[in-house]
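This report refers to the structure that appears directly beneath it.
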Protein chains: 2
Amino acid sequence: MVGRMQCSPTGPRKGRARLTGRTGRPRSAAADAAILEATRAALVELGWGKLTMGDVAARAKVAKTTLYRRWAGKNELVLDAVAVLFDELELPDRGSLKDDIEGVVLQFAALLARPETKTALMAVVAESTTDDALRTRIREAVVERQKRLVVQGRQRAQRRGELPPDGGGPEGAAAAARSVDLIFDVIAGAVVHRALVSGEPVDAAWAARFTTLLLAGLRGLESRD
Amino acid sequence: MVGRMQCSPTGPRKGRARLTGRTGRPRSAAADAAILEATRAALVELGWGKLTMGDVAARAKVAKTTLYRRWAGKNELVLDAVAVLFDELELPDRGSLKDDIEGVVLQFAALLARPETKTALMAVVAESTTDDALRTRIREAVVERQKRLVVQGRQRAQRRGELPPDGGGPEGAAAAARSVDLIFDVIAGAVVHRALVSGEPVDAAWAARFTTLLLAGLRGLESRD
DNA sequence: GCTCTTTCGCTACGAGTCGTAGCGTAACTC
DNA sequence: GAGTTACGCTACGACTCGTAGCGAAAGAGC
């Protein structure tokens, strides 16, 4: 729920918000769900370019004005509609760093194979190049949240002894953060580029080759850093 | 000139086309240049989302109908307008594979830092997910043409002895082609992701770290492939 | 020169989308 | 019950799209 304009849909209140709860008719949580679902359906059928606010409203069976009361525009709506899909990504423990990476690469590829995610992700990123607020939202809703997978995989590999532990002190923490950022960009970037720009399949064979490359690089990088 | 509808702008004819040359008033090459330049200017000022065909026509001082006579729509026009920028990329020989890669990474980053390229590239790729013809054009006009940089860098490194030579026979050639594809997706993907999705700068320090990672991976990959 | 062919600029048009305003009604809090 | 907010609906001006039709311009072929 990144692009919501005000707040407080119907549902359980948190903390002292119960006391300061706003009066009046609450927003329908069901409408929210219907709108986001309708947005995803419209993305599948029409793609980003031909998707219109009026069409989404009709699918969700809400008034067009209700859409504009909650989201500033198409960008924010679509971002919210697809951001939740990225939270489904997980990092199952397959016993080795190589298998962990291959697993997450294939999972990510499956997500990007869905028509609603691929058309929406690229389009929203494109719009974010001329909209700073949108860029911030993308970072919060997608980028930063998925870095957890890299952090998690790295910790596991360090526990297994496959990678050296972080250096001590603030310096070591900064170096570790830089490594996480770099690895994240390499993995996500390579998969996205292969799938959407090159337009070729991210299958098990490619994932294996990519992982081999990355793993060799990781050992070289970590041993000297 | 990928998205042109028919052909033959004013200019020197090639081969026997001189004899079979069509009669009638030729298309204005100056108008072509003005339109593409106007498109880039509009991209800078408005970004993909707010760019309109009417606006481009006004900037280029041509009639809107002239635009539609040459390009099917916004997608094709913008692709042609930015594709030429990618041809400026070169691979200067800096003496070592590491320096060559760092150089091309920084060059690519500088290209992606330009507002017209970043907003256009992502948007056109997004549209291509629901338009097969457009996807093919992107591959021809951008992707395949830039793979030359990888091929070139690889050959240089092999000549220097920094990488092992390709294996013999059709099998070796296929493996080499797969390697080129993989490396291309990793380099281009990582830089694009860092610059546009993560939204952080691709500076010399990042390029050095990335190159170190890739280089270690390359040696590991090539030695066993 | 002349004719033929194609492109050009211009105007006008219906269709579709945008985002908002206004209104009466529904839902919930105190 | 009073107060407040969300909702559905309609209508609207502004804008963009992509096309059609016209007369004029620019070159090719004779």
Side-chain angles (χ1 to χ4, degrees), chain A residues 3-13 16-35 38-39 42 46-78 123 127 131, chain B residues 3-13 16-35 38-39 42 46-78 123 127 131:
Chain A
R4 303 295 297 283
M5 304 207 65
Q6 293 167 8
C7 53
S8 77
T10 301
R13 302 287 171 71
R16 63 194 183 84
R18 182 189 302 274
L19 299 175
T20 353
R22 302 204 313 198
T23 69
R25 177 177 179 176
R27 286 190 174 169
S28 162
D32 256 58
I35 291 170
T39 304
L46 307 173
W48 165 269
K50 294 181 181 172
L51 180 147
T52 68
M53 297 293 271
D55 185 78
V56 171
R59 287 171 191 260
K61 291 173 184 168
V62 296
K64 198 173 56 165
T65 45
T66 298
L67 275 185
Y68 283 104
R69 287 190 187 102
R70 306 189 184 197
W71 286 276
K74 189 167 152 176
N75 294 339
E76 291 78 5
L77 171 62
V78 169
E127 289 300 306
D131 181 341
Chain B
R4 301 296 294 282
M5 306 207 65
Q6 293 167 7
C7 53
S8 77
T10 301
R13 302 288 169 71
R16 62 193 184 87
R18 183 188 304 272
L19 298 177
T20 350
R22 301 201 313 196
T23 69
R25 177 177 178 176
R27 286 191 174 169
S28 161
D32 255 58
I35 291 170
T39 304
L46 306 173
W48 165 269
K50 296 180 181 173
L51 180 147
T52 67
M53 297 293 271
D55 185 79
V56 171
R59 287 171 191 262
K61 292 173 184 168
V62 297
K64 199 173 54 164
T65 45
T66 299
L67 274 185
Y68 283 104
R69 286 189 188 104
R70 306 188 184 195
W71 288 276
K74 188 167 152 177
N75 295 339
E76 291 78 5
L77 171 61
V78 169
E127 290 300 305
D131 182 341

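Chain letters run A, B, ... following the sequence lines, proteins first and then strands; every chain starts at 1.
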Original post:
For B:Arg25 and C:dT5, is the shortest distance between a side-chain N/O and OP1 or OP2 below 4.0 Å?
Top reply: no
**OP:** Measure the NZ-CZ distance between B:Lys64 and B:Arg69 for me, rounded to the nearest 0.5 Å.
**Re:** 12.5 Å
Short N/O separations, protein against nucleotides 8-13 of chain D, under 3.5 angstrom:
{"unit_1": "D:dG8", "atom_1": "OP2", "unit_2": "A:Ala63", "atom_2": "N", "d": "3.4"}
{"unit_1": "D:dG8", "atom_1": "OP2", "unit_2": "A:Thr66", "atom_2": "OG1", "d": "2.7"}
{"unit_1": "D:dG8", "atom_1": "O6", "unit_2": "A:Arg69", "atom_2": "NH2", "d": "3.1"}
{"unit_1": "D:dC9", "atom_1": "N4", "unit_2": "A:Thr65", "atom_2": "OG1", "d": "3.0"}

Subject >> Neighbours of DNA chain D within residues 50-57 of chain B, by heavy-atom distance under 4.0 Å >> reply: B:Thr52, B:Met53, B:Gly54
Original post:
In whole angstrom, what separates B:Leu67's CG from D:dT19's C1'?
Top reply: 14 Å
Subject >> B:Asp32 CG - C:dT7 P separation (whole Å) >> reply: 12 Å
**OP:** Ignoring the backbone of B:Pro26, work out which of D:dG27, D:dC17, C:dT7 is nearest its side chain.
**Re:** D:dG27
For residues 46-54 of chain A, which side-chain donor-acceptor pairs fall under 3.5 Å, sequence neighbours excluded?
{"unit_1": "A:Thr52", "atom_1": "OG1", "unit_2": "A:Asp55", "atom_2": "N", "d": "3.1"}

Original post:
With sequence neighbours left out, what residues match A:Ala63 under side-chain contact (heavy atoms from CB on, under 4.5 Å)?
Top reply: A:Thr65, A:Thr66
Subject >> Residues in side-chain contact (heavy atoms from CB on, under 4.5 Å) contact with A:Ala60, at least two apart in sequence or another chain >> reply: A:Ala34, A:Ile35, A:Ala38, A:Val62
Subject >> Shortest non-hydrogen separation from B:Trp71 to B:Asp32 and the atoms involved >> reply: CH2-OD2, 4.1 Å
Subject >> Heavy-atom pair of closest approach, residues B:Ser28 and B:Ala31 >> reply: OG-N, 2.9 Å
**OP:** Between B:Gly24 and A:Gly24, name the one whose nearest nucleotide on DNA chain D is closer to the 5' end.
**Re:** A:Gly24
